[in-house]
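Some notes on the structure that comes next.
In listed order, ligands and their atoms are each counted from 1. Reckoned from all heavy atoms, side chains included, excluding hydrogens, waters and symmetry mates. For this chain, numbers begin at 1 and follow the sequence in order.
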Amino acid sequence: MYDFNYHRPKSIDEALSALTSASDGKLMGGGQTLLPTLKMRLASPSDVVDLGAISDLKGISDQGGAIVIGAGTTHAEVASNAAVKSKIPALAALADGIGDPQVRNRGTLGGSIANNDPAADYPAALLGLGASVKTNKRDIAADDFFTGMFETALADDEIVVSVSFPVPEKASYAKFPNPASRYAVVGVLASKGPAGVRVAVTGAGQGGVFRVAAMESALDGNFSAEALAGISVPSGDLNADIHASAEYRAHLVGVMAKRAVEAAG
Ligand SMILES: Cc1cc2nc3c(=O)[nH]c(=O)nc-3n(C[C@H](O)[C@H](O)[C@H](O)COP(=O)(O)OP(=O)(O)OC[C@H]3O[C@@H](n4cnc5c(N)ncnc54)[C@H](O)[C@@H]3O)c2cc1C
C-alpha cells in the first residue's frame, strides 16, 4: 500500500471539500473493493475520504410507495430491515446473498453501485426495480446510471447520497453464484410494478448490467415463467472467463429469469 492522507468527514459538504481539494482524492464506503485495490498497489490516491461517519448517508426510510436507502447503509442492514423485508423482499434477499458476513457488514449500497462491478448484485436491483439514484448534485434514473463495465454516470466530484426503490407488485432475484466469492455468475431480477415489467441481468454482460427487452415484452400481460419459453439472449455480447463460457452464461440467463419470475409469483 502506498501512503495517502486519510479524512473522516462528518458531513457531505466536508467530504466534497476534502475530495475536491486533493490532487487525486478517492471516496471510501465500506472499503471492500477500494482497500484490496490499494493493498495490491493497483491504485495510489493522494487522499482517501472515508464516508463512514456521515449520518446523512445512512438509514432506510419507508416512504409509502418507495423505500429510500442511504448510500452508506450496509448490505447486512438492508437484508435485515423490516420495511425492506415486508415491502421489497426480493431486495432484502439480494442483499443477504452478497458475499459473506464480513462483506455484508462493511460493504455499502453506494460503494457497490459506484463501483459497478459487472458481477455485482445491486446493479440488477436498481435496474430491475426502476430505482432512482440521488447524488449531491441530481437524481439519476437507474436506466442512465450504469454506463459500462465499472463505469457510471457519476462525475468525479459526485457522491451517491441515497437510492429510492419503488415498491413493486411482485419481484424476485435469482442468482447463480460463484461458489467462492458469491458474486453473480449470472443473476436476474424480474419485477412488475410502477416502473413496468423489468428483467435485469447482472454477471453476464460485457458492458455490465442490462435489461432484456424481449423477456419484458413477453411478461407484459402474462407474468409467468411459461411466457419466457424460447426466449434467449445472444451469447456474442456476454462475458467468458474461467468461471463460465459465454454460451453457458446465455443459458443461465434463461434459467435464472424463469426462476425469478416463478418465485415472484
Ligand atoms: C470477498 C468478497 C466477496 C464479495 N461478494 C460480492 C457479491 O456476492 N455480490 C456483490 O454484489 N458484491 C460482492 N462484493 C463487493 C461488496 O459487495 C462491496 O460492497 C463492494 O465491493 C463495494 O462497496 P464498498 O462500500 O465496500 O465500497 P468501497 O470499496 O469503499 O468503494 C468502491 C468504489 O465506490 C466509490 N464509492 C464508495 N461510496 C461512494 C459514494 N457514496 N458515492 C460515490 N462513490 C462511492 C469508491 O470511491 C470506490 O471507487 C464482494 C467483496 C468481497 C471482498
Met28 and its side chain to side chain contact (heavy atoms under 4.5 Å, CB included) partner, picked from Leu51, Val49, Thr108, Val48:
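The single option meeting the side chain to side chain contact (heavy atoms under 4.5 Å, CB included) with Met28 is Val48.
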Expected rows: ligand 1 N/O, protein N/O, dist below 3.5 Å:
residue  : atom   : partner : partner atom : Å
ligand 1 : 5 (N)  : Ser181  : O            : 3.1
ligand 1 : 8 (O)  : Gly99   : N            : 3.0
ligand 1 : 8 (O)  : Arg182  : O            : 2.7
ligand 1 : 8 (O)  : Tyr183  : N            : 3.0
ligand 1 : 9 (N)  : Asp121  : OD2          : 2.7
ligand 1 : 11 (O) : Asp121  : N            : 2.8
ligand 1 : 11 (O) : Asp121  : OD2          : 3.4
ligand 1 : 14 (N) : Tyr183  : OH           : 3.0
ligand 1 : 17 (O) : His75   : NE2          : 3.0
ligand 1 : 19 (O) : His75   : NE2          : 2.9
ligand 1 : 21 (O) : Thr33   : OG1          : 2.2
ligand 1 : 23 (O) : Ser112  : N            : 3.4
ligand 1 : 25 (O) : Gly30   : N            : 2.7
ligand 1 : 25 (O) : Thr108  : N            : 2.8
ligand 1 : 25 (O) : Thr108  : OG1          : 2.6
ligand 1 : 26 (O) : Gly31   : N            : 3.2
ligand 1 : 26 (O) : Gln32   : N            : 2.7
ligand 1 : 29 (O) : Gln32   : N            : 3.2
ligand 1 : 29 (O) : Thr33   : N            : 2.8
ligand 1 : 29 (O) : Leu34   : N            : 2.8
ligand 1 : 30 (O) : Gly29   : N            : 2.7
ligand 1 : 30 (O) : Gly30   : N            : 3.4
ligand 1 : 30 (O) : Gly31   : N            : 2.7
ligand 1 : 34 (O) : Gly111  : O            : 3.4
ligand 1 : 41 (N) : Val160  : O            : 3.1
ligand 1 : 42 (N) : Val160  : N            : 2.9
ligand 1 : 47 (O) : Leu27   : O            : 2.6
ligand 1 : 49 (O) : Lys26   : NZ           : 3.3

Can you tell me if Lys137 has over 12 outside heavy atoms packed within less than 6.0 Å of its NZ?
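It does: Lys137 NZ has more than 12 such atoms within range.
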Nearest 0.5 Å please: distance from the OG1 atom of Thr202 over to the CG atom of Leu94.
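The distance works out to 9.0 Å.
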Distance-only criterion, 3.5 Å: show the donor-acceptor pairs between side-chain atoms of residues 78-87 and protein atoms not counting sequence neighbours.
residue : atom : partner : partner atom : Å
Ser80   : OG   : Ala76   : O            : 3.0
Asn81   : OD1  : Ala83   : N            : 3.0
Asn81   : OD1  : Val84   : N            : 3.0
Lys87   : NZ   : Asp62   : OD1          : 2.9
Lys87   : NZ   : Asp62   : OD2          : 3.3
Lys87   : NZ   : Gly64   : O            : 2.9

Under a 3.5 Å cutoff, is there a donor and acceptor pairing between the side chains of Asp50 and His7?
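The answer is no; no qualifying pair exists.
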Which of parallel (below 30°), tilted (30 to 60°) and perpendicular (above 60°) describes Tyr122 and His75?
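Tilted: the ring planes of Tyr122 and His75 meet at 30° to 60°.
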